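Working notes, beginning with the structure itself.
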Amino acid sequence: RSVGRKVAPGQPCGQLIVTSQPGGQQIRIGRNTGLEYFTTRSFHLSAGDYSVSVAGCTELVKIRANQQSTLNCTRK
């Protein structure tokens with residue numbers, strides 16, 4: 001599932017896996033959020049930079065073509 005930018009045929013894309021402790025935290029990618037956007041979840045995204053927020057953590061994540069990126073947030 002693409003988020004933010006539509007993935008066109010032949011457009012480079014990668015995978016983002018978002019996890020958190022505790023689990024079941026809402027995920028926001030850029031301005032996008034949804035009813036199904038809770039950890040743990042994977043997304044297929046167009047290559048590029050994304051602001052990802054989960055459980056009070058916000059990180060800039062770089063998605064590279066044909067690669068997997070992971071964001072893990074642990075509440076203290």
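Owing to the predicted nature of the structure, the values given are computational and were not obtained by experimental measurement.
The residue from Ile17, Val52, Thr19, Thr58 that alone fulfils the side-chain contact (heavy atoms from CB on, under 4.5 Å) condition with Leu71 is Val52.
Not one N or O on the side chain of Ser46 forms a donor-acceptor pair closer than 3.5 Å with the backbone of Cys13.
Taking CD from Gln15 and CG from Leu45, the interatomic distance works out to 9.0 Å, rounded to the nearest 0.5 Å. Between the CZ atom of Arg64 and the OG atom of Ser69 there is a distance of 7.0 Å, given to the nearest 0.5 Å.
Ala65 and Ala47 get closest at one heavy-atom pair: N-CB, 4.1 Å. Heavy-atom minimum distance, Ser20 versus Thr39: OG-OG1, 2.7 Å.
Contact annotation: the side chain of Ile29 approaches that of Leu16 to within less than 4.5 Å [non-hydrogen atoms, C-beta and beyond]. Between Phe43 and Ile63, the closest side-chain pair of non-hydrogen atoms is not below 4.5 Å.
Linking Ile, Leu, Val, Met, Phe, Trp and Tyr residues whenever their side-chain heavy atoms come within less than 4.5 Å leaves Phe38 and Val54 in two separate clusters.
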